[in-house]
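For clarity, every value in this text was computed on a predicted model and none was experimentally measured. All heavy atoms count here, side chains included; hydrogens, waters and symmetry mates do not.
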Amino acid sequence: MAKEYRTIKEVAGPLMLVEQVENVSYNELGEIELANGETRRCKVLEINGTSALVQLFEASTGINLSNSKVRFLGRAMELGVSEDMLGRVFDGLGRTIDGGPEILPEKRMDINGLPMNPAARAYPSEFIQTGVSAIDGLNTLVRGQKLPIFSASGLPHAQLAAQIARQAKVRGTDEQFAVVFAAMGITFEEANFFQESFRETGAIDRTVLFINLANDPAVERISTPRMALTAAEYLAFEKDMHVLVILTDITNYADALREVSAARKEVPGRRGYPGYMYTDLATMYERAGRQRGKTGSITMIPILTMPEDDKTHPIPDLTGYITEGQVILSRELYRKGVQPPIDVLPSLSRLKDKGIGEGKTREDHAATMNQLFAAYARGKEAKELMVILGEAALTETDLIYAKFADEFETKYVNQGYKTDRSIEETLGIGWELLRIMPRSELKRISDKLLDKYY
């Protein structure tokens with residue numbers, strides 16, 4: 001039986017100080033029993049000699065210092081995992097919220113996970129088809145990669161996230177594929193949108209949802225992505241599934257981290273975020289990957305809204321350091337009505353060359369990708385010149401490039417949120433666009449490929 005303490009010294013916001021404790025460790029879970037028999041949960045944030053600073057998961061109202069008691073449970077926060085989690089909806093603390101029966105766990109896993117030994121990692125090399133041309137064709141997602149989406153407030157990242165979750169698949173294999181979707185600090189409408197969107201298409205059957213609403217406590221928001229990653233690790237490394245983890249919105253997570261850090265009176269770093277935010281984000285992102293000798297894999301798409309559209313803000317800045325590239329959504333394309341408004345030029349997938357080519361996608365993928373990038377970049381420059389100098393000042397070739405840029409946005413990038421394009425369709429549209437240009441301009445594609453496809 002766990003020892004009970006009646007030595008609560010003070011309660012300040014979400015924090016509580018308990019004195020004269022013995023053998024209590026960092027991150028350990030505890031229960032507070034109030035005078036009326038109600039219990040609330042907490043976890044240890046700091047140990048100083050014989051006093052423990054704990055953080056409450058629920059509100060601190062109604063805790064009477066003299067007649068409430070605390071007991072520590074001797075374990076960190078755990079998630080009960082089993083294959084029955086697929087198709088179910090949980091809250092940020094791993095409790096079912098879809099009205100179905102409780103999960104009977106096959107085992108319980110610590111939500112903080114164990115860091116993967118770098119030597120045990122296998123290099124990401126297999127193509128994942130998301131059905132979105134701007135990602136598959138130009139910023140290819142590879143199995144085991146971390147590829148964040150940088151969005152801004154008011155842009156349709158939720159629709160894009162739901163689309164990727166519904167459409168993503170590993171091609172040419174009958175390997176099991178699952179999606180773990182964690183939403184942090186979202187509104188009730190957004191939560192509803194994700195659930196309905198997965199139910200409509202039947203994608204819910206292979207999805208585990210963790211939903212933390214904006215009115216849930218901040219500390220629950222910090223545990224939500226860890227719950228999701230624990231479920232993903234179980235499905236990937238114990239059940240040999242290929243798991244795509246989508247975390248939205250990392251900005252809300254970082255704000256919760258800042259809130260808790262401020263309550264602990266820690267010295268703030270950039271823009272008030274704690275100095276250990278880099279480490280904290282890395283402990284989450286680095287749980288993605290592939291392990292040698294195991295067939296399963298975890299691929300991660302964290303989604304974040306850049307405050308004030310600023311990609312030098314600490315959250316996108318640190319995320320960019322840890323992950324392998326980024327997909328950037330553009331307000332300008334959104335205003336033009338392009339859906340999804342993916343700005344392909346500043347976007348980047350650092351592992352794309354590992355997952356494309358013959359046997360993975362198609363022999364012409366790399367060459368057409370480079371040619372499309374080059375032509376679109378030149379077309380955008382031509383359009384900017386047109387604004388300044390007028391159309392008459394442009395050469396015939398520049399006008400062709402300007403036309404190419406417009407066609408590229410309307411046909412290639414703009415596909416709506418319901419279209420699922422195979423990689424062959426995406427490459428086909430690429431060639432269709434390249435035929436706008438005279439053959440002599442296609443300097444990045446070999447004659448052999450031009451003879452075959454142009």
### Task
Given side chain to side chain contact (heavy atoms under 4.5 Å, CB included), test Lys411 with Glu432 step by step and report yes or no.
CA-CA 10 Å; Lys411 288 190 176 151; Glu432 205 180 297; 4.2 Å; yes

### Task
Please step through side chain to side chain donor-acceptor pair (under 3.5 Å) for the pair Arg287 and Thr230, ending with a clear verdict.
CA-CA 9 Å; Arg287 288 170 75 172; Thr230 305; 3.1 Å; yes

### Task
Apply side chain to side chain contact (heavy atoms under 4.5 Å, CB included) to Tyr123 and Arg290, showing your working.
CA-CA 7 Å; Tyr123 205 89; Arg290 298 177 56 207; over 6 Å; no

### Task
For the pair Lys452 and Asp364, evaluate salt bridge (Lys or Arg N to Asp or Glu O under 4.0 Å) and give the outcome as yes or no after the intermediate values.
CA-CA 10 Å; Lys452 185 169 175 186; Asp364 58 325; over 6 Å; no

#### Entry: CA sep, side-chain torsions, deciding dist, call: Val180, Leu235, side chain to side chain contact (heavy atoms under 4.5 Å, CB included)
CA-CA 10 Å; Val180 175; Leu235 293 171; 4.3 Å; yes

### Task
Check step by step if side chain to side chain donor-acceptor pair (under 3.5 Å) holds for Thr96 and Glu102.
CA-CA 6 Å; Thr96 53; Glu102 288 290 313; 3.3 Å; yes

### Query
Hey, mind stepping through Lys107 and Met109 against side chain to side chain contact (heavy atoms under 4.5 Å, CB included) and telling me if it holds?
CA-CA 7 Å; Lys107 59 186 288 193; Met109 293 170 70; 3.9 Å; yes

### Full working for side chain to side chain donor-acceptor pair (under 3.5 Å) between Tyr334 and Gln339
CA-CA 7 Å; Tyr334 177 61; Gln339 301 175 330; over 6 Å; no

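Around OH of Tyr454, the count of heavy atoms belonging to other residues, nucleotides or ligands within 6.0 Å exceeds 12. For Glu358, the CD atom counts as loosely surrounded, since its 6.0 Å shell holds 12 or fewer non-hydrogen atoms of other residues, nucleotides or ligands. Counting heavy atoms of neighbouring residues, nucleotides and ligands inside a 6.0 Å radius, atom OH of Tyr321 does not exceed 12 of them. Heavy-atom contacts from other residues, nucleotides or ligands closer than 6.0 Å to NZ of Lys311 number 12 or fewer.
Using modelled atom types and a 3.5 Å distance limit, the side chains of Ser349 and Glu324 yield no donor-acceptor pair. Using modelled atom types and a 3.5 Å distance limit, the side chains of Ser133 and Arg421 yield a donor-acceptor pair. In the model, Thr295 has a side-chain atom that pairs as donor or acceptor with a side-chain atom of Asp240 under 3.5 Å. A side-chain N or O of Tyr253 and one of Asp280 form a donor-acceptor pair less than 3.5 Å apart. With 3.5 Å as the limit, one finds a donor-acceptor pair spanning the side chains of Tyr234 and Glu106. Side-chain contact, Arg444 with Asn370: no donor N or O sits under 3.5 Å from an acceptor N or O.
Although no hydrogens or angles enter the test, the distance criterion places a donor-acceptor pair under 3.5 Å between the side chain of Arg88 and the main chain of Pro101. For Asn252 (side chain) and Met184 (main-chain N/O), a donor-acceptor pair under 3.5 Å exists by modelled atom type. At least one donor-acceptor pair under 3.5 Å links the side chain of Arg206 to the backbone N or O of Arg166. The backbone N or O of Val245 lies less than 3.5 Å from no partner atom in the side chain of Thr299, so there is not a single donor-acceptor pair. Checking side-chain atoms of Ser347 against main-chain N and O of Ile328 turns up a donor-acceptor pair under 3.5 Å. Between the side chain of Gln129 and the main chain of Ile423, a donor-acceptor pair closer than 3.5 Å is present. His242 places no side-chain N or O within donor-acceptor distance of the main-chain N or O of Ala178, the cut-off being under 3.5 Å. At least one donor-acceptor pair closer than 3.5 Å links the side chain of Asp249 to the backbone N or O of Thr305. At least one donor-acceptor pair under 3.5 Å links the side chain of Glu58 to the backbone N or O of Arg41. In terms of modelled atom types and a separation under 3.5 Å, the side chain of Glu196 and the main chain of Phe193 share no donor-acceptor contact.
The closest side-chain heavy-atom distance from Pro438 to Ile400 is below 4.5 Å. Looking only at side-chain heavy atoms (C-beta outward), Phe177 and Val243 stay at 4.5 Å or farther from each other. Contact of the Leu434 side chain with the Thr368 side chain is registered, since non-hydrogen atoms from C-beta on lie closer than 4.5 Å. In this structure, the side chains of Leu147 and Gln326 stay at 4.5 Å or more apart for every pair of heavy atoms. Within the 4.5 Å cutoff, the side chain of Lys383 has heavy atoms near those of the Asp406 side chain. Contact of the Leu304 side chain with the Pro316 side chain is registered, since non-hydrogen atoms from C-beta on lie closer than 4.5 Å. Leu15 is not listed as a side-chain neighbour of Val54, based on a closest heavy-atom distance of 4.5 Å or more.
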Please tabulate, one pair per line, all N/O donor-acceptor pairs under 3.5 Å involving side-chain atoms of residues 257-264, not counting sequence neighbours.
residue : atom : partner : partner atom : Å
Arg258  : NH1  : Arg271  : O            : 2.8
Ser261  : OG   : Glu266  : OE1          : 2.8
Arg264  : NE   : Glu266  : OE2          : 3.3
Arg264  : NH2  : Glu266  : OE2          : 3.4

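Using a cutoff of 4.0 Å between basic side-chain nitrogens and carboxylate oxygens, Lys169 and Asp420 are scored as salt-bridged. Residues Glu126 and Lys354 are not paired through a salt bridge, judged by the lack of any N-O separation under 4.0 Å between the basic side chain and the carboxylate. Using a cutoff of 4.0 Å between basic side-chain nitrogens and carboxylate oxygens, Arg75 and Glu28 are not scored as salt-bridged. Classification of Arg121 and Glu286 as a salt-bridged pair holds, one side-chain N sitting under 4.0 Å from a carboxylate O. With salt bridges taken as basic N to acidic carboxylate O contacts below 4.0 Å, none links Glu407 and Arg435. Using a 4.0 Å cut-off between a side-chain N of Lys or Arg and a carboxylate O of Asp or Glu, Arg171 and Glu424 qualify as a salt bridge. In this structure, Arg221 does not pair ionically with Asp255, as no charged nitrogen and carboxylate oxygen lie closer than 4.0 Å. In summary, Asp451 and Arg439 engage in a salt bridge, as defined by a charged side-chain N under 4.0 Å from a carboxylate O.
Relative orientation of the Phe90 and Phe210 rings is parallel, given thresholds of 30° and 60° on the angle between their planes. Using the six-membered ring where Trp is involved, Phe408 and Tyr376 have ring planes that are tilted, between 30° and 60° apart.
The side-chain contact (heavy atoms from CB on, under 4.5 Å) test applied to Val132 returns Thr130, Ile135, Leu160, Gln163, Ile164, Gln167, Pro340, Ile342, Gln415, not counting sequence neighbours.
The structure places NZ of Lys43 at 4.5 Å from CG of Asn27, a figure rounded to the nearest 0.5 Å. Summarising the geometry, atom OG belonging to Ser446 is positioned 8.5 Å from atom CD belonging to Glu363; distances are rounded to the nearest 0.5 Å. Expressed to the nearest 0.5 Å, how far CZ of Phe150 lies from CD1 of Ile315 amounts to 10.5 Å.
When all heavy atoms of Leu333 and Pro341 are compared, the pair lying nearest together is CB-CB, 3.9 Å. Closest of all the heavy-atom pairs between Phe404 and Ala375 is CE2-CB, 3.5 Å.
For Phe194 and Phe181, the ring centers are positioned less than 6.0 Å apart. Ring pair His313/Tyr273: centre-to-centre distance below 6.0 Å.
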